[in-house]
Amino acid sequence: MDTQEHIQHAESRLDGNFEKKLVRKIDRRIMPLICLAYLLNYIDRTNLGNARTLNNNAKDGSTMNEMLNITGPRYTLVVAIFFVPYIIFEFPSNFLLKITGPRIMLTRITVPCTTFGGLVACRICLTIAEAGFFPGIVLYLCFWYKPEERGARIAVFLGFVSVSGAIGGLIATACSYLNHHGGLRGWQWLYLLEGIPAVLYGIVLWFLLPDFPETAKFLSEEERNFASERLGPFAPKMSDKHFSGSEVWATIKALDFWLFALTYYFINHCLNAFSYFAPSLIAGFGFKGAAAQALIIPPNCFGFIVIVANSWLSDRRGRRPEHILFGLGIIAIGFILLATIKHSVGGRYVGILLIACTNSAVAPLLAMRTSTVSGASATAVASAGIAAFANISGITAPFIYDSKTAPRYIPALWISVGFVFGACACVCILWYRNGPGAGYSSKNQIPAPVTMDYPGDVEEIADDRKGKDMELTQVTVGQV
């Protein structure tokens, strides 16, 4: 190896080590903050399912269903009404995130009730406060991570949906023993104990969550510059225009926009089915009271492991479609088991375990989606668009899971199987159109290499990056 090759090899190795340390530092700062925020967000959003079955073995009329007169159609309405403001506000929320900064848009959270109307009002207030949080986090991660790094981070973030289910089950189990304590029913204790931490944490997040790499105070000046430049020319940046009409229109009219949106709609239907109806399905196995609440915990723990493992492997291999299809295969088997097994509680419970892995398909799908667009406006509309369209399933799923077919919901389960196969078809088309890679799509035009000056001679860089000036040419984009 000649001297020049030796210098280039040393530069690459040293920059690689510096980058790894920087990414770990970013992980330690922002990932715990956003994961805990989403945990609280999702507990507040889906605790309705636990509240519905809480103390269902009581004979004194103290359940939420009896006190608020929530019959089958009314429960369907409460679930569905939540998603209407979600769909409306997710698009503007992502553009406001870029204008106001992530801290303002991601620190909104919420709100108890004694009537059915009060419950509906609380759900609407909750969704207005939380709308845009999920696509906002997806966009936020694009400001900090390369596309081939996003899958595992999105998975850990999404994995806290499963953690929220486990923790929500534990809290619900505890609240079942608080029925009539302090003048409150068990379901009222549930809303109280799960709502207050979310409000308090929103204040904490305001002070601790950094906005962009370019302004992050926990990074040194060298780290801030490198954190932004290492993402390459296609990643969204703080310096991008707040809104580009041409980027937005080009993104919306592209076929990929609708294929990704339809895929996520199909998958999100399965996720909503699990979140809102898994407690009812388990209660349908014959379990009552605290036992019914506790049995929701193992599926969520299992789901977290599968979600993170599948997406970590997707990042590691640098491939997306196969891992999306793997996740979809697990979900399909789960729904088929629930639909076909009649008498074996163990077999049907395995179905619940598998459906809890729904987000194992979502994480690589979202990572793939963000790698097919470039710039802040396109990334904002792509992430908000896919989430808004997917949330239509929050309106349709409660009507598909009609209370008239409870407790087994057989027709709805087979519809869910059909949706999974529909998602598989869309993923195969996207695979054909975009290729399997985890990096930015080859559809993006590749600009000339970017030349940057770094301080220090190669040998002295190895010793705390001291010394003379030298030029480094960084290849910012890897071809698929």
Side-chain angles (χ1 to χ4, degrees), residues 22-47 82 85-86 88-112 122-145 150 153-154 156-161 163-164 167-168 171 191-221 223-224 227-228 236-240 242-243 376 379-380 383-384 387:
L22 176 61
V23 171
R24 285 196 294 268
K25 187 174 183 179
I26 293 170
D27 283 342
R28 287 193 298 269
R29 180 56 182 264
I30 71 174
M31 290 304 297
L33 292 173
I34 64 173
C35 287
L36 184 54
Y38 196 50
L39 169 70
L40 296 171
N41 171 290
Y42 216 81
I43 285 176
D44 279 353
R45 186 197 305 187
T46 60
N47 56 15
F82 179 83
Y86 243 96
I88 295 171
F89 290 110
E90 280 187 320
F91 272 106
S93 180
N94 251 18
F95 289 106
L96 286 172
L97 181 145
K98 178 64 175 62
I99 296 170
T100 64
R103 279 189 308 161
I104 293 177
M105 296 307 295
L106 298 180
T107 54
R108 303 164 301 157
I109 311 193
T110 15
V111 54
C122 285
R123 296 289 290 176
I124 292 174
C125 290
L126 180 65
T127 186
I128 291 173
E130 292 184 353
F133 181 85
F134 173 73
I137 288 292
V138 174
L139 174 61
Y140 180 66
L141 292 176
C142 293
F143 285 107
W144 290 89
Y145 296 103
R150 294 172 195 160
R153 273 82 185 176
I154 292 175
V156 172
F157 160 63
L158 284 176
F160 273 74
V161 170
V163 177
S164 76
I167 293 178
I171 296 174
Y191 285 133
L192 192 65
L193 294 178
E194 292 183 345
I196 291 175
V199 176
L200 297 177
Y201 187 68
I203 300 171
V204 173
L205 206 61
W206 166 265
F207 291 101
L208 296 182
L209 188 70
D211 282 327
F212 303 102
E214 296 89 336
T215 58
K217 294 181 180 179
F218 74 98
L219 299 177
S220 67
E221 184 176 356
E223 289 172 333
R224 285 195 293 269
S228 176
K237 289 183 172 60
M238 185 182 74
S239 57
D240 290 348
H242 294 322
F243 181 85
T379 307
S383 55

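Keep in mind the model is a prediction, meaning the values are calculated, not measured.
- Residues L39 and I43 are in side-chain contact: their nearest non-hydrogen atoms beyond the backbone lie under 4.5 Å apart.
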Item to check | Worked check of side-chain contact (heavy atoms from CB on, under 4.5 Å) between R153 and I30 | outcome: CA-CA 10 Å; R153 273 82 185 176; I30 71 174; over 6 Å; no
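- Taking the six-membered ring where the residue is Trp, F143 and F212 present perpendicular rings, their angle passing 60° and hence far from 30°.
- Under a 3.5 Å cut-off, the side chain of S164 and the backbone N or O of V161 do form a donor-acceptor pair.
- The shortest heavy-atom contact between C142 and T379 is SG-CG2, 3.8 Å.
- Put simply, the side chain of Y145 never gets that close to the backbone of Y140: no donor and acceptor are under 3.5 Å apart.
- Residues in residues 210-220 take part in these side-chain hydrogen bond (donor to acceptor under 3.5 Å, both in side chains) pairs, two or more places apart or across chains: E214-S228, S220-E223.
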Next on the checklist: Is there a side-chain contact (heavy atoms from CB on, under 4.5 Å) between L200 and V204? Walk through the geometry before answering.
Outcome noted: CA-CA 7 Å; L200 297 177; V204 173; 5.9 Å; no
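- Contact of the L36 side chain with the F160 side chain is not registered, since no non-hydrogen atoms from C-beta on lie closer than 4.5 Å.
- By the 30° and 60° cut-offs, the orientation of the rings of F134 relative to F157 is parallel.
- In this structure, the side chains of I34 and L209 come closer than 4.5 Å at one or more pairs of heavy atoms.
- We find the CZ-CG distance between F133 and L40 to be 9.0 Å, quoted to the nearest 0.5 Å.
- Here R150 pairs with nothing under the salt bridge (charged side-chain N to carboxylate O under 4.0 Å, His left out) rule; sequence neighbours left out.
- By the side chain to side chain contact (heavy atoms under 4.5 Å, CB included) test, I88 pairs with V84, sequence neighbours left out.
- Listed here is the closest heavy atom pair of A376 and P236: CA-CB, 3.5 Å.
- Of all heavy-atom pairs between S383 and L139, the closest is OG-CB, 4.0 Å.
- Interatomic distance, Y42 OH to E194 CD, rounded to the nearest 0.5 Å: 13.5 Å.
- Taken from CD1 in I203 to CG in L208, the straight-line distance is 12.0 Å, to the nearest 0.5 Å.
- Taking CH2 of W144 as the start and CG of L22 as the end, the distance is 9.0 Å to the nearest 0.5 Å.
- Note: K25 NZ to R29 CZ = 10.0 Å, rounded to the nearest 0.5 Å.
- Listed here is the closest heavy atom pair of A227 and L219: CB-CD1, 4.3 Å.
- Between I137 atom CD1 and L97 atom CG the span is 8.5 Å, to the nearest 0.5 Å.
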